[in-house]
There are 2 protein chains.
Amino acid sequence: MAASPATSRLAAPRYALASSAKSRFDRRLAKILAHAVNVFYEKGYEGASMRDLSRASGMSLAGMYHYFESKEKLLYLIQRHTFSTIVEQLRGKLDSTDDPEARIRILILNHLEYFLANQKAMKVLSHEDEVLKNGFGAEVRSLKREYYRICLDVLDDFKRANRLGFSSRVAVLSLFGMMNWIYTWYNPRVDGDAAKLSEQMGDIFLRGIQDGKSVRKSARVN
Amino acid sequence: MAASPATSRLAAPRYALASSAKSRFDRRLAKILAHAVNVFYEKGYEGASMRDLSRASGMSLAGMYHYFESKEKLLYLIQRHTFSTIVEQLRGKLDSTDDPEARIRILILNHLEYFLANQKAMKVLSHEDEVLKNGFGAEVRSLKREYYRICLDVLDDFKRANRLGFSSRVAVLSLFGMMNWIYTWYNPRVDGDAAKLSEQMGDIFLRGIQDGKSVRKSARVN
DNA sequence: TATACTGTAGAACGAACGTTCGAACTATGG
DNA sequence: CCATAGTTCGAACGTTCGTTCTACAGTATA
């Protein structure tokens with residue numbers, strides 16, 4: 001048979017990556033993933049060839065297949081790692097307070113901090129979110145739903161605490177839009193760091209979902 | 001020689017499409033573009049093959065090349081048409097009033113109306129915005145800057161009229177994010193039509209960029 | 001009816017794609 | 001020092017890619 005290790009070690013913590021993975025295999029794989037992120041970031045998933053990816057990692061084309069069985073799995077590993085890390089981080093930080101507004105601020109800051117620190121991975125996550133099919137796609141979509149659920153709950157708490165009437169769904173999805181879109185325009189020199197940006201977006205969003213006489217209904221179209 | 005018409009008619013209003021294009025050639029091309037939008041929408045630019053595109057238009061692979069000289073040009077024609085139409089529509093509608101807030105409402109409604117009515121084309125425009133290089137890319141980017149400029153001016157008017165202090169850049173780009181992101185989540189059955197959505201987003205955004213005691217600075221993180 | 005141009009498609013081009021195979025290398029442990 | 005497992009890669013597989021060539025049918029003009 002002579003099966004490759006990636007397929008033979010069926011159980012075992014193959015593809016650890018999240019925790020303190022120590023084996024030579026895991027460290028090498030993590031390096032490959034990091035280089036692959038750069039290539040996917042620049043050329044897109046379909047536009048990046050296995051030859052591009054192997055060149056970027058300084059490894060032969062065939063050698064890559066020792067670490068993962070397909071290009072699709074490579075994208076899956078990147079997306080899973082990125083998504084589960086941001087969910088994990090958010091969970092930890094939200095524990096620090098019960099104040100509903102502060103929790104929304106935390107959510108925004110965490111998202112933008114992670115987004116800007118891992119901009120390329122986050123673009124690959126946002127931009128290539130429909131290419132994974134079947135099993136891999138289902139797993140990533142499940143992580144996404146989990147993240148969405150957490151944020152929706154944070155918003156619902158705020159809404160209840162302040163007796164507000166906005167649609168939580170539209171609000172949270174609008175907020176995601178504001179934040180995820182930055183990969184198309186962010187420039188550190190003119191836009192500052194995550195703290196500055198999250199304060200600005202937080203201000204807009206938090207004022208936006210609260211009641212206020214400031215909005216003149218008369219100015220509405222139709 | 002036997003040059004194809006697409007390359008031989010050098011001057012002339014080849015690729016009219018925007019205005020009331022009447023020739024058999026233009027009508028057929030418009031049909032192909034419409035079908036191509038569907039395919040790009042579902043598979044992405046790189047993921048869609050010329051064979052997919054020809055199948056969708058019910059035309060042979062070779063026959064397509066009578067209407068445009070490359071796959072890249074096909075994407076360019078789609079993007080240019082979509083973008084110049086939305087810019088043109090916005091220009092027309094903004095003329096109807098001078099009220100700064102009403103103009104922002106118009107901008108949002110126009111964007112969402114067009115976005116939802118041409119959701120597939122708008123996704124192709126948003127999602128495949130980096131694949132066009134050189135000449136084609138420069139032209140589309142120029143249209144994008146024009147649209148950005150108009151929106152920035154509308155926001156600046158509002159800011160000046162109400163003596164507000166927000167960053168117009170961050171505000172307009174956040175607004176684009178809110179609006180453009182909807183292609184990832186919009187469901188007509190639960191989210192209603194463009195008018196409803198633009199009222200909700202308009203409320204969030206307009207309150208968000210105005211001053212108000214509602215935002216507790218104390219709740220800020222760090 | 002002869003002439004010229006427009007529109008269409010079958011077949012093929014070379015290049016690039018994701019993936020596989022087997023041989024060769026290196027590291028480890030008895 | 002040999003045996004074994006883990007790691008690497010050149011070469012090639014079959015397929016699909018975007019594009020082109022050529023021949024031919026349709027249509028309008030003269």
Side-chain angles (χ1 to χ4, degrees), chain A residues 1-10 12-15 21-32 35-36 39-40 43-77 128 131-133 136, chain B residues 1-10 12-15 21-32 35-36 39-40 43-77 128 131-133 136:
Chain A
M1 273 294 158
S4 85
T7 53
S8 63
R9 297 195 194 160
L10 281 178
R14 189 87 296 184
Y15 301 125
K22 280 297 164 208
S23 81
R24 177 180 153 90
F25 181 93
D26 289 330
R27 273 181 284 113
R28 197 86 177 83
L29 174 58
K31 279 237 164 67
I32 294 174
H35 286 116
V39 181
F40 283 149
K43 317 187 115 180
Y45 174 77
E46 307 272 4
S49 70
M50 286 298 294
R51 283 159 185 84
D52 292 330
L53 297 165
S54 74
R55 209 173 303 121
S57 342
M59 175 174 278
S60 76
L61 179 58
M64 307 274 286
Y65 284 88
H66 182 66
Y67 292 93
F68 46 87
E69 55 254 20
S70 68
K71 189 185 171 190
E72 201 187 3
K73 177 123 194 182
L74 176 59
L75 178 62
Y76 160 73
L77 290 173
E128 314 292 351
V131 338
L132 255 25
K133 307 291 182 197
F136 293 156
Chain B
M1 280 294 162
S4 84
T7 53
S8 63
R9 295 192 196 163
L10 281 177
R14 189 86 298 185
Y15 302 125
K22 280 296 164 210
S23 80
R24 177 182 153 90
F25 181 93
D26 289 328
R27 272 180 284 116
R28 196 86 178 81
L29 173 58
K31 279 235 165 69
I32 294 174
H35 288 295
V39 180
F40 284 149
K43 315 187 121 184
Y45 174 77
E46 307 273 6
S49 70
M50 286 297 295
R51 284 158 184 86
D52 292 331
L53 297 166
S54 75
R55 210 173 302 120
S57 344
M59 176 177 277
S60 77
L61 178 58
M64 307 273 286
Y65 283 87
H66 183 66
Y67 291 93
F68 46 86
E69 55 253 22
S70 69
K71 189 185 172 191
E72 200 186 5
K73 178 123 193 180
L74 176 59
L75 178 61
Y76 161 73
L77 290 173
E128 314 291 351
V131 337
L132 254 25
K133 308 290 181 196
F136 294 155

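The model shown is predicted, which means the values in this text are computed figures rather than measured ones. Because only heavy atoms are used, hydrogens play no part in the values below, and waters and symmetry mates are left out as well, while side chains stay in.
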One would report the end-axis bend of the helix from C:dT1-D:dA30 to C:dG30-D:dC1, five pairs per end and rounded to 10 degrees, as 0°
Whole-Å gap separating [atom2] ([N]) and [atom1] ([X]):
| X | N | atom1 | atom2 | value |
| --- | --- | --- | --- | --- |
| A:Arg24 | C:dA27 | CZ | P | 7 Å |
| A:Arg55 | C:dA16 | CZ | C1' | 11 Å |
| B:Arg27 | C:dT6 | CZ | P | 16 Å |
| A:Phe25 | D:dA5 | CZ | P | 17 Å |

Its contact letters, B for base, S for sugar-phosphate only and - for none at protein heavy atoms under 4.0 Å, make nucleotides 14-29 of chain D read ---BBBBB--------
Interatomic spacing from [atom1] in [X] to [atom2] in [Y] - rounded to 0.5 Å:
| X | Y | atom1 | atom2 | answer |
| --- | --- | --- | --- | --- |
| A:Asp26 | A:Lys31 | CG | NZ | 12.5 Å |
| B:Tyr76 | B:Leu132 | OH | CG | 9.0 Å |
| A:Glu46 | A:Lys71 | CD | NZ | 6.0 Å |
| A:Glu69 | A:Leu74 | CD | CG | 11.0 Å |

Closest heavy-atom pair, A:Ala56 versus A:Val39, reported as atoms and distance to 0.1 Å, is CB-CG2, 3.5 Å
Between [X] and [N], is there a contact of a side-chain N or O with OP1 or OP2 at under 4.0 Å?
| X | N | value |
| --- | --- | --- |
| B:His66 | C:dT8 | no |
| B:Arg28 | C:dT8 | yes |
| B:Tyr67 | C:dT6 | no |

Worksheet entry | Face-on cation placement of B:Lys73 at B:Phe136 ring, 6.0 Å and 45° thresholds | no
- Message: Counting C-beta onward and ignoring hydrogens, is there a side-chain heavy-atom pair between A:His35 and A:Leu53 closer than 4.5 Å?
- Response: no
Item to check | Min side-chain heavy-atom separation B:Met59-B:His66 under 4.5 Å | outcome: no
